[in-house]
Q: 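Have a look at the structure that comes next, please.
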Amino acid sequence: MPELPEAEAARARIADGALNRTIEAIELGEVSHMDMPDADARARLIGTQFTRTHRHGKYIFVGSKGGPWLHIHLGMAGSIRVCEAGADLPKYVRFTVVFEGDHRLHFRDPRKFGHVELIEDVDAFIGGKGLGPDALSIGDNAFAQAIGGTRGAVKSALLSQRKLAGIGNLWADETLYRTGVDPEARACDLDAGRIGEMHTASRDILQAVVDTGADYSRLPGDWLIHHRNAGDDCTRCDGTIEKKTVGGRTSYFCASHQTKGEAHG
DNA sequence: TTTACTGTTAGGAC
DNA sequence: TGTCCTAACAGTAA
């Protein structure tokens, strides 16, 4: 389900199969309550081609030749499929680009939490959203600045797309598990070394997931992703996986090796 | 039948 | 002004 690695996999799928093909039509599925380009916006894409892709955090951008960018956000359950002519129509398709030769790009979204829109300028869009640096390319100093100094729970800071774009609930938990930080620890209580370890861990985790094409079954068995059940054995110490809500989101962690890192008491 | 869910954001509390 | 927290969005699956 969509965090940065899924967005990157979707972007790659588009880059591999949907560029440099003339767009013949745009089709909408059942889209009530969803943000979709209106008829005028859709008409702007007809006859042109997509020529490039970009991703920032969980946000996907597909550039048309000399024209607008198609922005796609996968929401909670969205996915991208690129199909050859004659392929069966997947379920829950909300937005389809039909290329020459009946080649198709489908945006599926069962829960309708995703968004598709046409934008003129990617940088202006990112700035307008107030998104922080991309989690895969952010530097050490920028990471420390984004996450350190926050008085609230460190997990909430990791999840904030305004501080750092791309990390969601699953990989925030995985990062904290690997670095031994309690999700409720206050970021300002963590020393610079710990913050640096979290940066390294988050980047390594996200890159590893990207490298599998966001296929979780190919990730190492000792990762938390495979043990998100209260009562499971911790794979890093003798502890047990517990569950609690932090920042409104379900968090799995090991209370034995994940600590709050307070300097005093 | 009830409950929880991977993301985002508006609105309210402090 | 900023920061943080909660609720709500819609549909599915356990």
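The sequence lines fix the lettering, A, B, ..., with proteins before strands; numbering per chain opens at 1.
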Q: Check the distance between B:dG7's C1' and A:Met34's CE and give it to me in whole angstrom.
A: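 To the nearest whole Å, that distance equals 13 Å.
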Q: With a 4.0 Å cutoff (strictly under), does any side-chain N or O of A:Gln161 reach OP1 or OP2 of B:dT8?
A: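 So the side chain of A:Gln161 is within the cut-off, an N or O lying under 4.0 Å from OP1 or OP2 of B:dT8.
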Q: Rounded to whole angstrom units, what separation is found between the CG atom of A:Leu159 and the C1' atom of C:dC4?
A: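 It is 13 Å, rounded to the nearest whole Å.
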Q: Could you tell me the separation between the CH2 atom of A:Trp171 and the P atom of B:dT6, rounded to a whole number of Å?
A: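 Value for this atom pair: 12 Å.
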Q: Roughly, in whole Å, what's the span from CZ in A:Phe107 to C1' in B:dG7?
A: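 Rounded to whole Å, this separation is 12 Å.
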Q: What is the base-pairing partner of C:dT3, counting Watson-Crick and G-U wobble geometry with both distances under 3.5 Å?
A: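 Across all strands, the one nucleotide that pairs with C:dT3 is B:dA13.
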Q: Watson-Crick or G-U wobble partner for C:dA10, using a 3.5 Å limit on both distances?
A: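 Pairing partner, where one exists within any strand: none, as none qualifies.
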Q: Over all strands shown, is A:Arg249 touching base, sugar-phosphate only, or nothing at heavy-atom distances under 4.0 angstrom?
A: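 Answer is base: heavy atoms of A:Arg249 come under 4.0 Å of a base.
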Q: Examine A:Arg228 relative to A:Trp223 and say whether NZ or CZ is less than 6.0 Å from the centre of the six-membered ring and inside a 45° cone about the ring axis.
A: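 Geometry flag: not set, cation outside 6.0 Å or 45°.
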Q: Please list, for nucleotides 9-14 of chain B, all pairs of protein and nucleotide N/O atoms separated by less than 3.5 Å.
A:
unit_1 : atom_1 : unit_2   : atom_2 : d
B:dT9  : OP1    : A:Lys129 : NZ     : 2.8

Q: Can you find a side-chain donor-acceptor pair between A:Arg104 and A:Thr96 that sits under 3.5 Å?
A: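 Checked: A:Arg104/A:Thr96 side chains show no N/O donor-acceptor pair below 3.5 Å.
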Q: Looking only at side-chain N and O atoms, does A:Thr250 come under 4.0 Å of OP1 or OP2 in B:dC5?
A: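 For B:dC5, OP1/OP2 do have a side-chain N/O of A:Thr250 under 4.0 Å.
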Q: Looking just at side-chain N and O atoms, do A:Lys65 and A:Asn20 make a donor-acceptor pair shorter than 3.5 Å?
A: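 A:Asn20 and A:Lys65 do not have a side-chain donor-acceptor pair below 3.5 Å.
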Q: Should the heavy atoms of other residues, nucleotides or ligands under 6.0 Å from CZ of A:Arg52 be counted, would the total exceed 12?
A: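 Counting other residues, nucleotides and ligands, CZ of A:Arg52 exceeds 12 neighbours.
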Q: Both A:Thr245 and A:Phe113 contact DNA chain C. Which one's nearest nucleotide lies toward the 5' end?
A: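 Nearest nucleotide further toward 5': that of A:Thr245.
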Q: Grab the CG-P distance between A:Asp109 and C:dT12 for me, whole Å please.
A: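 The answer, rounded to whole Å, is 11 Å.
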Q: Taking atom types as modelled and ignoring hydrogens, do the side chains of A:Gln49 and A:Thr22 form a donor-acceptor contact shorter than 3.5 angstrom?
A: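 The criterion, which ignores hydrogens and geometry beyond distance, is satisfied for A:Thr22 and A:Gln49.
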Q: Side chains of A:Gln207 and A:Asp211 only: does a donor on one sit below 3.5 Å from an acceptor on the other?
A: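 A:Gln207 vs A:Asp211: donor-acceptor pair found between side chains.
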Q: Nearest whole Å is fine: how far is B:dT8 P from A:Phe125 CZ?
A: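 It is 11 Å, rounded to the nearest whole Å.
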Q: Give a yes or no on whether a donor-acceptor pair under 3.5 Å exists between the nucleobase atoms of B:dC5, that is its base, and the side chain of A:Arg111.
A: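 A donor-acceptor contact between them is present.
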Q: Nearest whole Å is fine: how far is B:dC5 C1' from A:Lys112 NZ?
A: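 It works out to 18 Å between those atoms.
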Q: Can you find a side-chain donor-acceptor pair between A:Thr250 and A:Lys243 that sits under 3.5 Å?
A: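 Judged by distance alone, the side chains do not pair up.
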Q: Give the rounded distance in Å between these two atoms: CZ of A:Arg228 and P of B:dC5.
A: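 So the CZ-P distance, A:Arg228 to B:dC5, works out to 9 Å.
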Q: Under 4.0 Å from OP1 or OP2 of C:dT12: is there any side-chain N or O of A:Tyr92 that close?
A: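 The answer is yes; a side-chain N or O of A:Tyr92 sits under 4.0 Å from OP1 or OP2.
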Q: Is the phosphate of B:dT8 approached by A:His73 (side-chain N or O, under 4.0 Å from OP1 or OP2)?
A: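 Result: yes.
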